[in-house]
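Below is one structure, written out as structure tokens; the observations come after it.
None of these values were measured; they are calculated from a predicted model.
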Amino acid sequence: MKHTTIIFLLLLVGSRLFAQGMISGFSVVPTNPTEADDIEIHVEVQFSSSDCQPDYQDHFINGSIIGASAHHCVGMLTAICNTTDTFQIGQLPAGTYTFDLTLTSGFGGPGCTPGFVPDDNDQFQFTVLGSVGIAEPTAAAPAVYPNPTTGMLFLNSPIVERGQLTTLNGKMVLEMNTGTTEVNLSDLPAGVYILRVGLSRTMVVKD
């Protein structure tokens with residue numbers, strides 16, 4: 001019994017130390033869905049350990065709430081792993097919906113260890129139209145390079161609204177004005193940060 005308890009505690013502590021998945025963006029396909037469309041939700045996810053094979057995913061619909069979960073298997077190599085989770089939602093009545101995703105990760109191959117604590121949780125709202133109407137498109141986060149970086153971080157396009165760079169705990173360390181195309185991280189400690197622009201998020205590694 002004592003050994004079982006120790007193993008469980010080690011797994012629990014390990015999950016807290018190595019839970020490094022992050023939801024970096026959402027998109028709906030088609031961009032302006034109607035009641036007649038088969039809808040897909042694409043979720044961009046990032047992990048700071050490679051690789052990041054999908055293990056399982058699920059979703060349920062309760063009124064205007066779509067609850068979803070995704071679990072990935074990560075390795076021990078320290079390298080950013082990007083992938084896309086696709087959720088087949090199907091047809092929905094006209095209205096505004098909230099897609100709520102909980103992301104977890106484990107270790108090993110598919111059929112990997114469970115995620116004792118969520119890596120990330122985020123929501124995305126989209127509108128399903130009736131026979132007429134146009135929904136607002138969802139702006140994607142700009143790509144950044146080099147990533148990892150030792151100092152300067154460049155964006156492939158100017159940000160369209162104010163942005164923030166935060167720690168994994170949500171503490172803001174830098175704020176960016178609209179139109180920013182480069183950020184100087186030289187004064188920041190080495191570590192993993194989150195670039196937040198609107199609803200989009202991008203993981204940034206400072207060496």
Side-chain angles (χ1 to χ4, degrees), residues 8 11-29 33 39-75 78 80-90 92 95-108 110-128 136 138-142 144 147 161-173 191-205:
F8 175 79
L11 288 172
L12 181 60
V13 171
S15 68
R16 291 180 180 273
L17 290 175
F18 296 105
Q20 299 181 46
M22 186 194 73
I23 302 166
S24 57
F26 295 92
S27 60
V28 59
V29 177
I39 297 170
E40 294 181 355
I41 301 295
H42 294 183
V43 185
E44 304 299 324
V45 295
Q46 294 179 327
F47 296 87
S48 55
S49 296
S50 187
D51 56 358
C52 52
Q53 300 179 66
D55 191 27
Y56 62 83
Q57 63 182 46
D58 195 13
H59 75 275
F60 67 88
I61 301 174
N62 182 12
S64 63
I65 303 298
I66 304 172
S69 60
H71 187 70
H72 287 252
C73 303
V74 298
T78 302
I80 292 177
C81 182
N82 298 281
T83 189
T84 302
D85 287 336
T86 300
F87 293 83
Q88 306 283 347
I89 306 301
L92 293 171
T96 299
Y97 293 84
T98 298
F99 183 84
D100 187 321
L101 175 66
T102 297
L103 180 68
T104 57
S105 63
F107 295 93
C112 53
T113 58
F116 290 103
V117 293
D119 286 22
D120 199 5
N121 174 262
D122 205 355
Q123 296 181 342
F124 165 70
Q125 284 195 330
F126 64 98
T127 299
V128 177
E136 291 293 327
T138 301
V144 297
N147 194 10
E161 54 186 297
R162 293 177 70 87
Q164 294 181 342
L165 191 73
T166 71
T167 65
L168 291 176
N169 293 327
K171 180 182 177 181
M172 187 181 72
V173 293
V192 180
Y193 298 89
I194 308 300
L195 173 64
R196 301 171 182 264
V197 180
L199 295 176
S200 298
R201 295 187 289 172
T202 301
M203 183 181 291
V204 175
V205 177

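- The distance from atom CD1 of I89 to atom CZ of F126, rounded to the nearest 0.5 Å, is 6.5 Å.
- The shortest non-hydrogen separation linking S49 to G75 is CB-O, 3.2 Å.
- Residues satisfying the side chain to side chain contact (heavy atoms under 4.5 Å, CB included) test with T166, not counting sequence neighbours, are Q164, M172, I194, R196.
- The two residues V74 and S105 make their nearest non-hydrogen contact at CG1-CB, 4.3 Å.
- Defined by atom type and a distance below 3.5 Å, a donor-acceptor pair is present between the side-chain atoms of T84 and E44.
- In this structure, Y97 and I65 have side chains that are not in contact, with every pair of non-hydrogen atoms separated by 4.5 Å or more.
- Between I41 and T86 the shortest side-chain heavy-atom distance does not fall below 4.5 Å.
- Using modelled atom types, one finds no donor on one side chain facing an acceptor on the other under 3.5 Å when comparing Q123 with T98.
- For D120, the salt bridge (Lys or Arg N to Asp or Glu O under 4.0 Å) criterion is met by R201, not counting sequence neighbours.
- For the residue pair D58/S69, the side-chain donor-acceptor check at 3.5 Å is not satisfied.
- Checked against the 6.0 Å centroid threshold, F87 and F99 count as a close aromatic pair.
- Note: D119 CG to L103 CG = 5.0 Å, rounded to the nearest 0.5 Å.
- When each of N82, T83, T202 is paired with Q46, the side-chain hydrogen bond (donor to acceptor under 3.5 Å, both in side chains) condition holds for N82 and for no other.
- D122 places no side-chain N or O within donor-acceptor distance of the main-chain N or O of I23, the cut-off being under 3.5 Å.
- Here the CG-NE2 distance, from D100 to H59, works out to 13.5 Å after rounding to the nearest 0.5 Å.
- M203 is listed as a side-chain neighbour of V192, based on a closest heavy-atom distance under 4.5 Å.
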Quiz item: Does the side-chain contact (heavy atoms from CB on, under 4.5 Å) test come out yes or no for C112 and H71, once each step is laid out?
Solution: CA-CA 9 Å; C112 53; H71 187 70; 3.6 Å; yes
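- A centroid separation of less than 6.0 Å is found between the aromatic rings of F47 and H72.
- The structure places OH of Y56 at 9.0 Å from SG of C73, a figure rounded to the nearest 0.5 Å.
- Note that the NZ atom of K171 and the CG atom of L165 stand 12.5 Å from one another [nearest 0.5 Å].
- At a threshold of 4.5 Å between non-hydrogen side-chain atoms, the residues V28 and P33 count as touching.
- Using a 4.5 Å cut-off on side-chain heavy atoms (C-beta onward), Y193 and T167 make contact.
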Exercise. Starting from the C-alpha separation in whole Å, work towards a yes-or-no answer on side-chain contact (heavy atoms from CB on, under 4.5 Å) for L101 and N121.
Key: CA-CA 6 Å; L101 175 66; N121 174 262; 5.7 Å; no
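- Closest non-hydrogen pair, I80 versus V205, comes out as CD1-CG2, 3.6 Å.
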Quiz item: H42 and V29: side-chain contact (heavy atoms from CB on, under 4.5 Å), yes or no, with the steps?
Solution: CA-CA 7 Å; H42 294 183; V29 177; 3.7 Å; yes
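- Atom SG of residue C81 and atom CG of residue D51 lie 6.0 Å apart, to the nearest 0.5 angstrom.
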